[in-house]
Amino acid sequence: MNAPAARHFSPEDIAAAKAWPFEEARKLEARLKRLGRDRNPDDVVIFETGYGPSGPPHIGTFGEVARTTMVRRAFELMTGRKTRLISFSDDMDGMRKVPPHLPNQEMLGRYLQKPLTTVPDPWGSHQSFAHHNNAKLRAFLDQFGFDYEFMSATEQYKSGKFDATLVRVLERYDALMEIMLPTLGDERKETYSPILPISPKTGRVLYVPLLERDAAKGEIVFEDEDGEKIRMPVTGGAAKLQWKADWAGRWLALGVDYEMAGEDLTESVRLSNRIVKVLGGEPPAGFNFQLFVDEDGKKISKTKGNGISIEQWLTYASPESLSLFMFLNPKAAKKLYFDVIPKTLDEYWQHVEKYPSQEGAKALDNPAWHIHEGNPPAAATPVSFAMLLTLVNAVGGEPDVLKGFIRKYRPGASPEELAAADALTQYAARYFRDFIEPKRQYRQPTDQERAALTALAARLREIGDEAGEDEYHTATFDTGKAHGYEKNLRDWFAVIYEIVFGQAEGPRMGPFTKIYGAGATAKLIEDALAR
RNA sequence: GGGCCCGUAGCUCAGCGGUAGAGCAUCUGACUUUUAAUCAGAGGGUCGAUGGUUCGAUCCCAUCCGGGCUCACCA
């Protein structure tokens with residue numbers, strides 16, 4: 001990534017920037033001002049994203065971190081303040097059910113309701129199931145170069161970081177229950193507690209009512225699974241907060257200033273906002289982004305397997321293109337299906353290409369600025385992915401052949417541009433392998449066609465590999481003319497494409513032969529005739 | 001049904017009070033040794049609908065229509 005030095009922007013430029021990360025940054029700035037935090041500019045501003053370690057990181061995880069980072073960088077540019085991004089793993093949550101498709105199902109079944117950090121790793125490579133997934137999360141985020149600090153709920157609870165907040169919840173118990181109870185079903189109303197003790201006997205996270213509370217001592221009394229009444233402190237990891245209260249408590253304990261969440265959590269955010277106020281804190285700034293939907297506008301669900309996965313996206317396009325997808329209108333439900341990938345990839349490069357010619361707020365509104373955290377690359381690809389797909393359609397997915405074409409068509413391209421284009425060839429090659437090759441249909445030649453193609457192959461061999469592309473092209477035409485196509489050369493080419501390439505259309509034969517090699521092209525033809 | 005969000009050219013989106021924009025796609029022309037590419041140009045929108053505020057609304061307000069999420073438990 002030979003990105004140029006970050007460009008300088010004036011306060012006027014920044015004030016005029018309208019891209020949504022700047023709007024969000026302004027909301028955050030207003031929040032800090034409201035709290036008087038603008039008077040302590042050395043105060044570090046905290047951004048947070050959440051992660052549930054009962055499963056691997058996925059495209060939503062990427063989206064949340066990518067988008068939060070976009071707001072973070074916009075905020076830094078706007079205020080010059082220091083920031084941190086915490087990636088918080090809810091690894092103390094009880095395992096509600098055994099995730100399907102995992103090894104050691106029976107073993108996992110014995111650990112239901114226990115904190116994920118105490119469930120053994122079903123793959124046996126890490127300290128616990130949660131540790132395994134936490135490691136996956138970190139590798140996942142590192143792979144994209146995100147700047148973040150990983151934080152484990154278990155470690156935080158055990159370290160005492162949440163102690164004051166837990167005690168605070170006991171102190172404000174009634175006010176908190178007043179918020180929560182109306183939102184609960186009748187059955188849950190009876191047993192609800194914002195604090196979940198962890199059974200000292202079984203290690204399970206208990207969803208039981210609190211029989212007694214002593215805020216002064218920081219203690220609670222509850223009934224353990226065997227019916228015994230237990231009195232114990234809430235601090236030091238002996239208990240944890242339940243969802244919503246947990247979120248609110250975390251904001252308070254960690255001083256979170258900004259966190260976004262999916263639209264499905266709109267109500268949870270509202271409630272958690274009320275709770276954090278009751279606890280004496282202030283809700284973070286943020287907004288609810290829309291979920292992704294599939295081609296038919298249906299919600300993407302992992303079990304249904306509709307939509308596409310992050311692995312699929314990265315098979316056919318770059319991480320930067322996925323970032324662009326995340327940048328685009330996060331408040332509208334985005335259709336996430338295969339067809340958007342090539343298009344998004346090309347749009348990404350168009351934005352990169354445009355960036356150097358843009359100034360001030362225009363540049364700040366360019367998605368490339370946000371995708372690259374203020375430092376878009378200087379060089380863009382000189383050939384579009386769409387064009388490469390066309391080429392791949394014609395000449396197959398050989399990266400070296402594709403690279404040859406790129407150099408042929410863009411003789412003036414700089415090394416940086418060529419590098420950008422070359423990176424696209426691997427995606428094009430996979431696209432070819434998965435979507436084009438399986439659909440190829442090679443037509444059988446007629447006797448006349450066979451004679452013409454045989455003659456063409458012989459002629460190409462005769463010319464050899466050292467001739468110019470014009471000579472190959474002329475030879476192709478001459479052969480066609482000599483075999484009855486002088487009046488309709490278009491048909492001659494159709495013959496070549498349908499029989500040799502298995503496609504209705506194909507490459508310009510002269511340049512193709514030059515790049516692919518006359519002998520190799522001849523062999524291609526002969527192989528087709530032998531099919 | 002209540003709440004929240006979205007609805008601007010075929011597609012993806014920008015514009016957010018002053019007689020509609022971009023990219024891609026489409027079409028036309030140039031080149032013609034096909035296709036692609038390249039260059040030049042064009043078409044395409046009653047800005048979801050209807051009312052209201054305003055000298056003036058895509059932009060503000062109301063209602064409606066369409067789509068998404070959410071309203072037992074869990075996170």
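So that the names make sense, note that chain A is the first sequence line, chain B the second, and so on, each numbered from 1.
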Could you check which nucleotide pairs with B/rA62 in any of the strands shown, counting Watson-Crick or G-U wobble with both distances under 3.5 Å?
B/rU50
Examine A/His473 together with A/Phe477 and report whether their ring centres are nearer than 6.0 Å.
yes
Write down the atom of A/Val500, the atom of A/Ala528, and the distance for their closest heavy-atom approach.
CA-CB, 3.8 Å
Quick one: is the NZ or CZ of A/Arg250 closer than 6.0 Å to the six-membered ring centre of A/Phe162, and within 45° of its axis?
no
Check the distance between B/rU35's C1' and A/Tyr472's OH and give it to me in whole angstrom.
21 Å
Under 6.0 Å from the NZ atom of A/Lys277, do we count more than 12 heavy atoms belonging to anything else shown?
no
Interatomic distance at C1', B/rG21 relative to B/rG44, whole Å:
13 Å
What interatomic distance, in whole Å, is found between P of B/rC61 and the corresponding atom of B/rU53?
15 Å
Proximal nucleotide (of B/rC24, B/rU33, B/rG3) relative to the A/Gln350 side chain
B/rC24
Whole-Å distance separating the CG atom of A/Leu456 from the C1' atom of B/rU33:
14 Å
Tell which nucleotide pairs with B/rA57, taking only Watson-Crick or G-U wobble pairs whose two distances are both under 3.5 angstrom.
none
Roughly how many Å apart are B/rU33 and B/rG23, using the C1' atom of each and rounding to a whole number?
33 Å
Rounded to whole angstrom units, what separation is found between the CZ atom of A/Arg270 and the C1' atom of B/rG3?
6 Å
A/Asp365 CG to B/rG21 P, in whole Å, measures 19 Å
Pairing partner of B/rC69, by Watson-Crick or G-U wobble and under 3.5 Å for both distances, is B/rG3
So CG of A/Leu529 and CG of A/Leu456: to nearest 0.5 Å the spacing works out to 9.5 Å
Quick tally for nucleotides 70-75 of chain B: nucleotides whose base has a protein heavy atom under 4.0 Å get B, sugar-phosphate-only ones S, the rest -, giving S-SSSB
Interatomic distance, A/His351 NE2 vs B/rA22 C1' [rounded to whole Å]
9 Å
Identified pairing partner of B/rG44, criterion: Watson-Crick or G-U wobble below 3.5 Å:
none
Name the pairs: protein N/O against N/O of nucleotides 14-16 of chain B, kept only if under 3.5 Å.
{"residue": "B/rC16", "atom": "OP1", "partner": "A/Lys18", "partner atom": "NZ", "Å": "2.8"}

On a whole-Å scale, what distance lies between the P atoms belonging to B/rC59 and B/rG18?
11 Å
Separation of atom NZ in A/Lys354 from atom P in B/rG23, rounded to whole Å
7 Å
B/rC16 pairs with which nucleotide, Watson-Crick or G-U wobble, both distances below 3.5 Å?
none
Tell me: CG of A/Leu336 to P of B/rC11, nearest whole Å?
18 Å
Take A/Asn288 and A/His473, find for each the nucleotide of RNA chain B with the closest heavy atom, and name the residue whose nucleotide sits nearer the 5' end.
A/Asn288
Got more than 12 heavy atoms from elsewhere within 6.0 Å of NZ, A/Lys97?
no
In whole angstrom, give the distance that lies between atom CG of A/Asp346 and atom C1' of B/rC11.
14 Å
Work out how far the P atom of B/rA22 is from that of B/rG41, and round it to whole angstrom.
13 Å
Does NZ in A/Lys403 sit with more than 12 non-hydrogen atoms of other residues, nucleotides or ligands closer than 6.0 Å?
yes
Could you tell me the Watson-Crick or G-U partner of B/rA30, where both distances fall under 3.5 Å? Say none if there is no partner.
B/rU38
Gap in Å between the two P atoms, one belonging to B/rC65 and one to B/rG29, rounded:
48 Å
Name of the residue among A/Val234, A/Leu252, A/Asp246 meeting side chain to side chain contact (heavy atoms under 4.5 Å, CB included) with A/Thr165:
A/Leu252
Expressed in whole Å, how much space separates the C1' atoms belonging to B/rC55 and B/rA14?
28 Å
Using the C1' atom in both, what is the distance from B/rG66 to B/rU28, to the nearest Å?
37 Å
Near A/Glu178 CD, under 6.0 Å, is it more than 12 heavy atoms from other residues, nucleotides or ligands?
no
Among A/Phe22, A/Tyr355, A/Trp20, exactly one meets ring pair (Phe, Tyr, Trp, His ring centres under 6.0 Å) together with A/His370. Which residue is that?
A/Phe22
Residues passing the ring-ring contact (aromatic ring centres under 6.0 Å, His included) test with A/Phe129, sequence neighbours excluded, are none
